[in-house]
Protein chains: 2
Amino acid sequence: MQSITPVRHKITLSDVAAGCGVSRATVSLVLRGSPLVNKHTRARVEEELRRQGYVYNRAAANLRRRTSSSIALVLNDLANPFFAEFAAGVDAVVGEAGFVTLLGCTSESSTREQAVLGSLIEHGPAGIILSPAEGSSAQQVLAAMGAQTPLLLFNRELGGNLPEYAHWDLLALDNQRGTRLATEHLIAQGHRRIAFFGGHRAASSCRQRHAGYTEAMQAAGLRIEPHWQLECAPTRLDAASQTAALFAAAPMPTAAVCYNDAVALGLMLGLSQRGLQPGRDFALTGFDDIAEASMSMPPLTTLTTAPLARGRQAAELLLQRLRDPTALTRHTIAPVQLVVRASSCPPPTV
Amino acid sequence: MQSITPVRHKITLSDVAAGCGVSRATVSLVLRGSPLVNKHTRARVEEELRRQGYVYNRAAANLRRRTSSSIALVLNDLANPFFAEFAAGVDAVVGEAGFVTLLGCTSESSTREQAVLGSLIEHGPAGIILSPAEGSSAQQVLAAMGAQTPLLLFNRELGGNLPEYAHWDLLALDNQRGTRLATEHLIAQGHRRIAFFGGHRAASSCRQRHAGYTEAMQAAGLRIEPHWQLECAPTRLDAASQTAALFAAAPMPTAAVCYNDAVALGLMLGLSQRGLQPGRDFALTGFDDIAEASMSMPPLTTLTTAPLARGRQAAELLLQRLRDPTALTRHTIAPVQLVVRASSCPPPTV
DNA sequence: TGCCGCATTTGGAACGATCCAAGTATGGAG
DNA sequence: CTCCATACTTGGATCGTTCCAAATGCGGCA
């Protein structure tokens, strides 16, 4: 019966070496599975490692080898299920590659973003994946993290212009194509008066989604009424309370392309409160395909973005960059896919 | 105009020291804000730090000082909004305390949990917050992380019995009291035939919730029919497909206490498919108060657990443990609160 | 002038690993 | 018996920081 004795001080290579009468160097070779060590010696050392309960000190090794074994993930909003799934995807790939994820949340504050980046960079991550907070600029980010560490931007672009020697990769969703598909789908259903609802135009993702809508409307020769272009915070509550504005003046829309699912679900609620049944009296589409989208009443037509897969992809892009630091800056646009459900009905008066 | 020149090698204390003609020790003192340095010298050094774009190497400092500046967070399911919010709460407090969060996801696999713990422990975190995967045991966890690092268990207890020298703290939800409150509420509404629906009895949280239900039923002298005690995976889809079993035999229940919100929402769907209107023909309660709970039709009566606050609390408990490693093991039970909404209607035949 | 105290600065040894050049056996060939 | 290749093994320097004991410079005082 082998018992692992509780110890007070941390066991190091030297302890193990002393414990079985070899040098530190030999123990180190054993740890790294070098073929140089005699298998007799190896067995003895491995036994001693187990016996003393040795724990590898990766920080010390990284210091000597001048390597890093971590990747920083900085998110504007972890509580949002979209980013949570994204994070799960990142962590999975990062872990498979033998790295560890350093997490940082900025809560949409660019001030906190600077602080978080500053703190994480001191731990010397091999690279950083950043989903910027609203209003964060390239200069700020550069000041906080320097130009030494590879950065992959996710989801949003940065304000300001970045110096050319900082080559930052980008992974973004095909926002414009997404809303274009949704708008074209509504048009094909017979709708002519289609609103664009929700989001803040300050965010690049919102501008892109609005552009997709505009593109489809113009291609179909349809009118875009200014009072159908409504901004609101990307939350259910705010969307619900903005619903009335859609119907404030004639001509009234028969459908809406919403900034995202949260907004669409809020709009559904607002419609119900006005006695309109979404999916029968009014058509709408979302963006993101969050879990609730398929379970809502009616189920929501939306664009699926596969956040888990996006997380994996982001991590893989960053790993590629680590392998080849001098490769050209890469901007990747991830496809989105229209999922047609019951919320995008034909207009009532067809 | 000051420009930060892009450099190829990492700037160290020695570079800065050489750059302004002082010793490494002095620069180190400046970095740590020691009152020993002359303010003239301090200014010169600070200027040089800025000029060279020096980045503190916390790993090297930690090695020398034998300290740690990270806390590991290991979660069974980051994609679940409950844990995502929890993680956001943990990270906020961990960051405020000057630590950084090391993230690890186990995807409910105890094998991955061992691997993740093994990898994280090599980075020498000051402590670990662990929400165990299903079926994970104390022995496994101990083998993976050793007894040196303080551990706070969250949400679930571990199978097996832990050795007494590993003092592990615990933060759990008051599951039993929660479902007792929900059950008592349904009884007060006039229900007599109440089911317990969903979850796997293998999980400690499910057993505790079931116990709360049993307690309330027995205290009210009500019968518990075995065919009302239904297990299912804690997902909407599985819950929906298990709905029929509730009504397979007489007597049929008029209400159900559900394992969690996901199960409750699934049950709502299942009820609708059978032509029963939840909140009118059948009453039900959930657990967790996820975002959708208040937006569902009808809004769901449930137990709110404040996952963000729980995350903050978990981090604070761990920080306390770090301050006093010899204090007695602490088991904290976080209160939950009943939120009454429309889903818990009185029975139809009262 | 010599000595002391104060304020400030410093060289060198850690921390726990890895790298590297050099060391020790061993056995076979000449 | 010497020499050399092969198969391991090892001491010491090193990564970037902090700690510590000791050094330095300077003004004042006897």
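So you know, we letter chains A, B, ... as the sequences are listed, proteins then strands, and number each from 1. What you see below is based on every heavy atom in this structure, not just the backbone, and it leaves out hydrogens, waters and symmetry mates. It should be emphasised that the depicted structure is a prediction, and the values quoted were computed from it without experimental measurement.
Ranking D:dT18, C:dG16, D:dA13 by closeness to the A:Arg24 side chain, first place goes to D:dA13. Comparing D:dT10, D:dT17, D:dG16 by their nearest atom to the side chain of A:Ser23 picks out D:dT10. The side chain of A:Val22 approaches D:dT10 more closely than any other nucleotide in the set D:dC19, D:dT10, C:dA17. The side chain of B:Ala61 lies closest to D:dT18, out of D:dT18, D:dG16, C:dT18. Of the candidate nucleotides C:dT8, D:dC8, D:dT17, D:dC8 has the atom nearest to the side chain of A:Asn38. Of the candidates C:dT9, C:dA17, D:dT18, C:dA17 carries the atom nearest the A:Ala60 side chain, counting heavy atoms from C-beta on. Nearest to the side-chain atoms of A:Arg65 among the listed nucleotides C:dC19, C:dA17, D:dC19 stands C:dC19. Ranking C:dT9, D:dT9, C:dA17 by closeness to the A:Thr26 side chain, first place goes to D:dT9. Between C:dC20, C:dT8, C:dT10, one nucleotide has an atom nearer to the side chain of A:Ala25 than all others, and that is C:dC20. Relative to the side chain of A:Leu36, the nucleotides D:dT9, D:dT17, C:dC19 differ in distance, and D:dT9 lies closest.
With DNA chain C read from its 5' end, the first of the two nearest nucleotides for B:Thr41 and A:Leu31 is the one closest to B:Thr41.
Taking atom CG of B:Asn57 as the reference point, atom P of D:dT14 lies 18 Å away to the nearest angstrom. Across the protein-nucleic acid pair, A:Asn62 atom CG and C:dC15 atom C1' stand 15 Å apart, rounded to whole Å. Counting to the nearest Å, the C1' atom of C:dG16 and the NE2 atom of B:His123 are 15 Å from each other. In this structure, B:Tyr54 atom OH and D:dG16 atom C1' are separated by 7 Å, rounded to whole Å. Rounding to whole angstrom units, CG of residue A:Leu13 and C1' of D:dG11 are separated by 15 Å. For the pair A:Leu49 CG and C:dG16 C1', the interatomic distance rounds to 14 Å; values are reported in whole Å. Atom pair B:Leu63:CG and D:dC15:P shows a separation of 14 Å (rounding to whole Å applied). Atom-to-atom, NE2 of A:His40 to C1' of D:dA7 comes out at 15 Å; the value is rounded to the nearest Å.
Here the rule is salt bridge (Lys or Arg N to Asp or Glu O under 4.0 Å) with A:Glu47, and of A:Arg50, A:Arg51, A:Arg44 only A:Arg50 fits it.
Two residues are said to be in side-chain contact when any heavy atoms from C-beta on lie closer than 4.5 Å; A:Leu13 and A:Tyr54 meet this criterion. Side-chain contact between A:Leu117 and A:Thr106: absent, with no pair of heavy atoms (C-beta onward) separated by less than 4.5 Å.
Using the six-membered ring where Trp is involved, A:Phe154 and A:Phe83 have ring planes that are perpendicular, over 60° apart on the 30 and 60° scheme.
Side-chain N or O atoms of A:Asp169 include none that pairs as donor or acceptor with a backbone N or O of A:Thr329 at under 3.5 Å. Remark: side-chain polar atoms of A:Glu108 are paired, donor with acceptor, to backbone N or O of A:Glu134 under 3.5 angstrom.
In terms of phosphate contacts, B:Arg64 brings no side-chain nitrogen or oxygen within less than 4.0 Å of OP1 or OP2 of C:dG16.
Within 4.0 Å of A:Ser14, counting heavy atoms only, lies no atom of the nucleic acid at all. Within the 4.0 angstrom heavy-atom criterion, only backbone atoms of the sugar-phosphate kind lie near B:Arg32; the bases stay farther away.
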